[in-house]
Amino acid sequence: AMRHLPYFCRGEVVKGFGRGSKELGIPTANFSEQVVESFPSDIPTGIYYGWACVGNGDVHKMVLSIGWNPFYKNTKKSVETHIIHTFKEDFYGEILSIAIIGYIRPEKNFDSLDALILAIQEDIEEAKRQLDLPEHLKLKEDNFFHLPGGKIVNN
């Protein structure tokens, strides 16, 4: 997984399956199929951590899932970003810029929704720990996150 990292990507936020916020209480920003298809085909599925920025807003810690979401039996690969920050409103249609820095674990199925939620919460804690390390903090300031002429999103 590491030879592709850090991996920088940007794309428009589209409506996903609508279950991150509703079922899991963990909202995610979803990329369009075109953006998902632009990822390296050999990047392993699983859970990653890194930095995310909406529009020209602040850069926040994030956890990212790349894959098929076995619990939900997706038929299409998805890339879902959970930004570790509380936004006041949805940002569909905004440009999301992400830097994927590290790998947490492979994708797996869960026996229950509660087990899935617990695993995601553990992933979030692991991401926070990793992103506080000096070698990861420096990527937060990367010029990639400054969109030329982009508008500031109030977050």
Side-chain angles (χ1 to χ4, degrees), residues 1-17 19-21 24 26-72 74-87 90-110 116 119-153 155:
M2 298 312 281
R3 72 184 183 86
H4 286 296
L5 304 181
Y7 181 76
F8 294 89
C9 173
R10 116 172 357 120
E12 185 179 338
V13 176
V14 299
K15 281 203 183 287
F17 300 101
R19 55 189 179 218
S21 300
L24 303 173
I26 302 161
T28 57
N30 296 272
F31 283 127
S32 69
E33 278 180 50
Q34 290 88 334
V35 174
V36 174
E37 286 164 7
S38 76
F39 270 65
S41 58
D42 59 342
I43 198 166
T45 59
I47 311 304
Y48 293 80
Y49 60 86
W51 298 104
C53 175
V54 179
N56 260 338
D58 295 333
V59 179
H60 298 287
K61 296 175 178 174
M62 65 84 167
V63 175
L64 178 98
S65 157
I66 299 175
W68 307 95
N69 297 337
F71 184 78
Y72 288 107
N74 284 7
T75 54
K76 284 193 163 123
K77 196 175 192 179
S78 70
V79 175
E80 300 179 45
T81 304
H82 169 67
I83 302 172
I84 304 172
H85 176 75
T86 303
F87 289 88
D90 288 338
F91 44 83
Y92 296 117
E94 295 290 349
I95 297 298
L96 174 65
S97 302
I98 61 168
I100 305 172
I101 299 176
Y103 183 74
I104 297 177
R105 64 175 175 83
E107 198 175 34
K108 62 180 188 209
N109 202 350
F110 293 91
L116 172 61
I120 295 170
Q121 287 166 341
E122 287 170 0
D123 296 337
I124 290 169
E125 291 311 309
E126 177 64 15
K128 287 179 182 171
R129 278 193 297 275
Q130 292 292 335
L131 291 163
D132 280 337
L133 297 172
E135 65 267 29
H136 294 148
L137 267 175
K138 67 176 193 270
L139 271 167
K140 182 180 182 178
E141 308 303 326
D142 197 277
N143 281 335
F144 172 77
F145 291 114
H146 302 287
L147 284 176
K151 65 179 189 202
I152 304 284
V153 175
N155 44 17

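Just so it is clear, the structure is predicted and the values come from calculations on it, not from any experiment.
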Rounded to the nearest 0.5 Å, what separation is found between the [atom1] atom of [X] and the [atom2] atom of [Y]?
| X | Y | atom1 | atom2 | result |
| --- | --- | --- | --- | --- |
| D58 | K140 | CG | NZ | 7.5 Å |
| I101 | L64 | CD1 | CG | 11.5 Å |
| M62 | L131 | CE | CG | 8.0 Å |
| I66 | I47 | CD1 | CD1 | 9.0 Å |
| K77 | E37 | NZ | CD | 10.0 Å |

Could you check whether any side-chain heavy atom of [X] comes within less than 4.5 Å of a side-chain heavy atom of [Y], counting everything from C-beta outward?
| X | Y | value |
| --- | --- | --- |
| E126 | V63 | no |
| F31 | S38 | no |
| F91 | I83 | yes |
| D142 | W51 | no |
| C9 | V35 | yes |
| V13 | V54 | no |
| F39 | H4 | no |
| L139 | F8 | yes |

Over all heavy atoms of both residues, which pair between [X] and [Y] is shortest? Give the atoms and the distance, please.
| X | Y | value |
| --- | --- | --- |
| L24 | I120 | CD1-CD1, 4.1 Å |
| H82 | P27 | ND1-O, 2.7 Å |
| D123 | I104 | O-CD1, 3.5 Å |
| S97 | R10 | OG-NE, 3.0 Å |
| V59 | C53 | CG2-CB, 4.1 Å |
| Y103 | T45 | OH-O, 3.5 Å |

Would a distance-only check, ignoring hydrogens and angles, find a side-chain to backbone donor-acceptor pair under 3.5 Å from E12 to S32?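 Side chain of E12 to backbone of S32, a donor-acceptor pair under 3.5 Å: no, none is there.
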
Would you call the rings of H136 and Y49 parallel, tilted or perpendicular, where under 30° means parallel and over 60° means perpendicular?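 If you compare the ring of H136 with that of Y49, the planes turn out perpendicular.
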
Check the orientation of H60 and F87. Use parallel for under 30°, tilted for 30 to 60°, and perpendicular for over 60°.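 Rings of H60 and F87: perpendicular, over 60°.
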
Does the pair I98 and Y48 meet the rule for a side chain to side chain contact (heavy atoms under 4.5 Å, CB included), with working shown? CA-CA 11 Å; I98 61 168; Y48 293 80; over 6 Å; no

